[in-house]
Amino acid sequence: MASAPVLTPRSQDFPRWYQDVLAKAELADNGPVRGTMVIRPYGYAIWERIQAEIDGRIKALGVSNAYFPLFIPESYLHKEAEHVEGFSPELAVVTHGGGKELEEPIVVRPTSETVINSYFAKWIQSHRDLPMLLNQWANVVRWELRPRLFLRTTEFLWQEGHTAHGTEAEARAFALRVLDEVYRETMVEVLAVPVLTGRKTARERFAGADTTWTCEGMMGDGKALQMGTSHELGQNFARVFDITFLDETGAQAYAWQTSWGASTRLMGALVMAHGDDAGLRVPPRLAPVQAVVLVVRAEEATVEAARRVAAELAAAGVRVETDDKVDSSFGRRVVGWELKGVPLRVEMGPRDLAKGEAVLVRRHDGTKEPVALGALVPAVLDALEATQASMLEEATAFRLDRTVAVASVEEAVEAAAEGFATLPLAALGPDGETRANQAGVSVRCLVGPDGGPPAAGEDEAALVAVLGRAY
RNA sequence: CGGGGAGUAGCGCAGCCUGGCAGCGCACCUGCUUUGGGAGCAGGAGGUCGCGGGUUCAAAUCCCGCCUCCCCGACCA
């Protein structure tokens with residue numbers, strides 16, 4: 001029974017396909033105010049899983065969660081020159097409260113360096129107070145010119161980590177640990193997105209940072225997405241917020257700081273890195289629902305058997321749901337679960353039961369296999385593992401296939417139409433970045449000769465620039 | 001902010017040129033038959049035609065002004 005495609009085909013119109021997926025997988029809707037977003041229950045369930053994975057890794061580094069206010073005195077933003085310059089154009093400012101005009105305008109946080117550091121100044125007195133390692137889960141507001149659900153919304157959810165250290169070396173090491181052990185690991189191991197990690201150029205780095213480290217993913221259309229950043233703030237904020245401490249020798253010193261964040265943009269990355277023409281595909285380690293037990297027909301024995309199977313799977317640690325909504329047709333329900341990207345379906349009908357089997361269907365590649373009921377639990381566990389691995393392999397192969405080593409900016413611009421271009425930093429030259437930018441291509445990050453983040457003291461001439469079009 | 005599209009039922013659209021009962025597909029409700037890849041038939045419900053003004057006996061349609069959304073670009077997590 002042929003029918004119209006469920007979604008706009010990805011190859012036909014990628015942005016349209018993206019929006020179709022968000023709508024039909026019930027991830028998000030536009031909010032009533034331009035650029036705002038409603039995250040629907042299924043989308044939020046995925047976000048909560050992302051949060052849990054990131055939060056656990058943050059805490060493993062010894063960081064504690066805290067919460068700072070949404071409102072920031074405007075004057076705070078002005079203390080750090082580059083910071084205010086970077087964020088001023090996109091601030092939402094509150095000028096009235098309680099029916100009266102405010103004496104000092106209040107800014108809705110675009111990020112929280114300023115408030116948090118004003119408290120760090122209070123809390124840090126001695127080298128014994130260091131390192132101070134805090135994180136908060138919060139919403140922030142940036143008045144973006146061109147909003148796009150999950151990728152660039154006026155209000156978005158994220159975590160922002162803020163730390164203070166006694167030495168530059170310690171701060172740098174911490175920023176890099178976050179980049180690797182929190183972000184890269186979550187993105188690669190959980191989201192199955194093989195991100196590149198590297199350093200931002202001066203032009204691309206965070207407003208107020210000395211160095212910005214980034215995770216860059218390749219989306220299904222070959223464009224790059226910045227999925228998380230970790231900044232070395234040097235002593236820039238310490239100087240303006242007066243974060244000083246007495247070191248072991250009794251000398252007064254400014255703290256060295258980092259900040260780092262990852263946001264609901266990761267939801268966009270998930271869709272664009274793994275989605276296909278049938279909808280979303282969620283990697284098993286991330287999926288809020290890893291398997292759905294699908295009752296084909298409404299027969300009592302089938303429903304009972306399905307419930308039993310679901311209970312066994314749940315007992316084995318699988319996040320499982322039972323679909324016995326047989327007042328919808330089988331085909332409709334299948335399409336619904338495919339749109340949502342649930343990794344596995346266990347289909348159970350009277351024919352299967354007669355044989356003592358169920359049909360195990362993998363969303364990742366569409367393969368179906370009959371499995372004896374007694375062997376279902378291990379089969380599901382295996383299929384989840386295999387799917388996770390295949391998704392990462394597939395995304396990695398895609399990125400490699402779309403990455404070209406080039407020798408000039410012109411070649412890089414050409415290659416960026418399809419994906420990434422790698423260009424020796426020496427060949428980029430002093431004005432190469434500008435020329436690439438004019439062609440709609442940016443330097444996503446600088447990597448060392450081995451492809452990872454450049455090591456401390458690495459010869460700049462040996463670095464490689466990764467260029468691409470970006471979201 | 002520059003360029004390009006579009007606002008008509010929950011979603012997708014036709015109608016507009018040439019003014020004359022506001023329509024189609026999907027979704028929704030009821031009933032029956034169905035259910036192994038978006039079921040079929042029958043009967044229903046649902047509308048400030050983006051907003052404001054103007055022309056006219058009469059405006060979704062013509063005129064003026066405004067607003068919003070989407071896509072491409074510059075900015076960004």
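Side chains included, hydrogens not; waters and symmetry mates left out as well; all remaining heavy atoms used. Note on naming: letters A, B, ... go to the chains in the order of the sequence lines (proteins, then strands), and numbering restarts at 1 for each one.
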**Report entry** salt bridge (Lys or Arg N to Asp or Glu O under 4.0 Å) contacts touching residues 329-342 of chain A (sequence neighbours left out)
**Finding:** A:Glu26-A:Lys340, A:Asp323-A:Arg333, A:Glu338-A:Arg345
Query raised in the report: Is a side-chain donor-acceptor pair under 3.5 Å present for A:Arg281 with A:Thr387?
Result: no
Query - Residues in contact with RNA chain B, drawn from residues 50-89 of chain A - heavy-atom cutoff 4.0 Å - result: none
**Report entry** Nucleotide forming a Watson-Crick or wobble pair with B:rC76, both distances under 3.5 Å
**Finding:** none
Query raised in the report: Could A:Glu185 and A:Arg177 be called an ion pair, given the rule that one side-chain N must be under 4.0 Å from one carboxylate O?
Result: no
Requested in this report: Apply salt bridge (charged side-chain N to carboxylate O under 4.0 Å, His left out) to A:Arg172 and A:Asp210, showing your working.
Outcome: CA-CA 10 Å; A:Arg172 158 161 299 194; A:Asp210 284 353; over 6 Å; no
Requested in this report: Just name whichever nucleotide pairs with B:rC17, Watson-Crick or G-U, keeping both distances under 3.5 Å, else none.
Outcome: none
Query raised in the report: What class does the angle between the rings of A:Trp47 and A:Trp137 fall in, given that below 30° is parallel, 30 to 60° is tilted and above 60° is perpendicular?
Result: perpendicular
Report task. Quick one: label A:Thr264 by what it contacts on the DNA or RNA (base, sugar-phosphate, nothing), any heavy atom closer than 4.0 Å. Result -> nothing
**Report entry** From B:rU35, B:rC72, B:rA77, nucleotide with atom closest to A:Thr153 side chain
**Finding:** B:rA77
Requested in this report: Classify the nucleic acid contact of A:Gly349 as base, sugar-phosphate or nothing, counting any heavy atom under 4.0 Å across all strands shown.
Outcome: base
Report task. Residues of residues 213-233 of chain A with any non-hydrogen atom less than 4.0 angstrom from an atom of RNA chain B: list those, numerically ordered, please. Result -> A:Gln226, A:Thr229
Query raised in the report: Which part of the nucleic acid, if any, lies within reach of A:Val140 when heavy atoms closer than 4.0 Å are counted: base, sugar-phosphate only, or nothing?
Result: nothing
Query raised in the report: Between the side-chain atoms of A:Lys368 and the base atoms of B:rG37, is any donor-acceptor pair under 3.5 Å?
Result: yes
Report task. Quickly work out the A:Asn437 CG to B:rA74 P distance and round it to whole Å. Result -> 8 Å
**Report entry** Nearest-nucleotide pick for A:Glu338, side chain only, options being B:rC76, B:rU35, B:rG37
**Finding:** B:rG37
Report summary line: Using Watson-Crick geometry (N1-N3 plus N6-O4 or O6-N4) or G-U wobble (N1-O2, O6-N3), each under 3.5 Å, B:rU34 is paired with none
Query raised in the report: Any side-chain donor-acceptor pair under 3.5 Å between A:Thr111 and A:Arg109?
Result: no
Query raised in the report: Within less than 4.0 Å of OP1 or OP2 of B:rA27, is there a side-chain N or O belonging to A:Arg332?
Result: yes
Requested in this report: Could you identify which residues of residues 186-205 of chain A place a heavy atom less than 4.0 Å from some atom of RNA chain B, listed by residue number, or say none?
Outcome: none
**Report entry** Which residues share a ring pair (Phe, Tyr, Trp, His ring centres under 6.0 Å) with A:Phe206, sequence neighbours left out
**Finding:** A:His83, A:Phe87, A:His231
Query raised in the report: Would you say A:Arg142 reaches B:rC76's phosphate, i.e. side-chain N/O to OP1/OP2 under 4.0 Å?
Result: no
Query raised in the report: In the strands shown, is B:rU61 matched to any nucleotide by a Watson-Crick or G-U wobble pair with both distances under 3.5 Å, and which?
Result: none
Report task. Taking all non-hydrogen atoms of both residues into account, name the closest pair between A:Gly261 and A:Tyr183 and its distance. Result -> N-OH, 3.0 Å
Report task. Mind calculating the distance between NZ (A:Lys325) and P (B:rU34) to the nearest angstrom? Result -> 24 Å
Atom pairs under 3.5 Å, N or O on each side, protein against nucleotides 4-10 of chain B: can you list them with distances?
none

Report summary line: Note: A:Pro284 and A:Gln290 closest approach over all heavy atoms is O-NE2, 2.9 Å
Report summary line: In whole angstroms, the gap separating P of B:rC28 from CG of A:Asp327 amounts to 10 Å
**Report entry** Lys/Arg cation over aromatic A:Trp260: A:Arg57, 6.0 Å, 45° cone
**Finding:** no
Query raised in the report: When the ring planes of A:Phe14 and A:Trp17 are compared, do they come out parallel, tilted or perpendicular, using 30° and 60° as the limits?
Result: tilted
Query raised in the report: Looking only at atom P, what distance separates B:rG12 and B:rC32, rounded to whole Å?
Result: 34 Å
Query raised in the report: Taking N and O atoms by type only, does the side chain of A:Ser329 place a donor or acceptor under 3.5 Å from a partner on the base of B:rA39?
Result: no
Query raised in the report: A:Ser328 or A:Ala439: which one's nearest nucleotide on RNA chain B is closer to the 5' end?
Result: A:Ser328
Requested in this report: Kindly indicate whether the side chain of A:Arg265 and the base of B:rC76 share any N or O donor-acceptor pair separated by less than 3.5 Å?
Outcome: yes
Query - Rounded distance [0.5 Å steps], CG in A:Leu133 versus CG in A:Leu61 - result: 8.5 Å
Report summary line: If pairing means Watson-Crick or G-U wobble with both distances under 3.5 Å, then the partner of B:rA9 is none
Requested in this report: Round to the nearest Å and state the distance from A:Arg435 atom CZ to B:rA74 atom C1'.
Outcome: 19 Å
Query raised in the report: Could a donor-acceptor pair under 3.5 angstrom be found where the side chain of A:Arg469 meets the base of B:rG73?
Result: no
Report summary line: Of all heavy-atom pairs linking A:Ala92 and A:Val141, the shortest is CB-CG1, 3.8 Å
**Report entry** Backbone of A:Leu151 reached by a side-chain donor or acceptor of A:Arg265 within 3.5 Å
**Finding:** yes
**Report entry** A:Thr36-A:Thr154 side chain donor-acceptor pair, cut-off 3.5 Å
**Finding:** no
Query raised in the report: Under 4.0 Å between a side-chain N/O of A:Gln19 and OP1 or OP2 of B:rC71, yes or no?
Result: yes
**Report entry** Sugar-phosphate only, base, or nothing, as touched by A:Asp13 at under 4.0 Å among non-hydrogen atoms
**Finding:** nothing
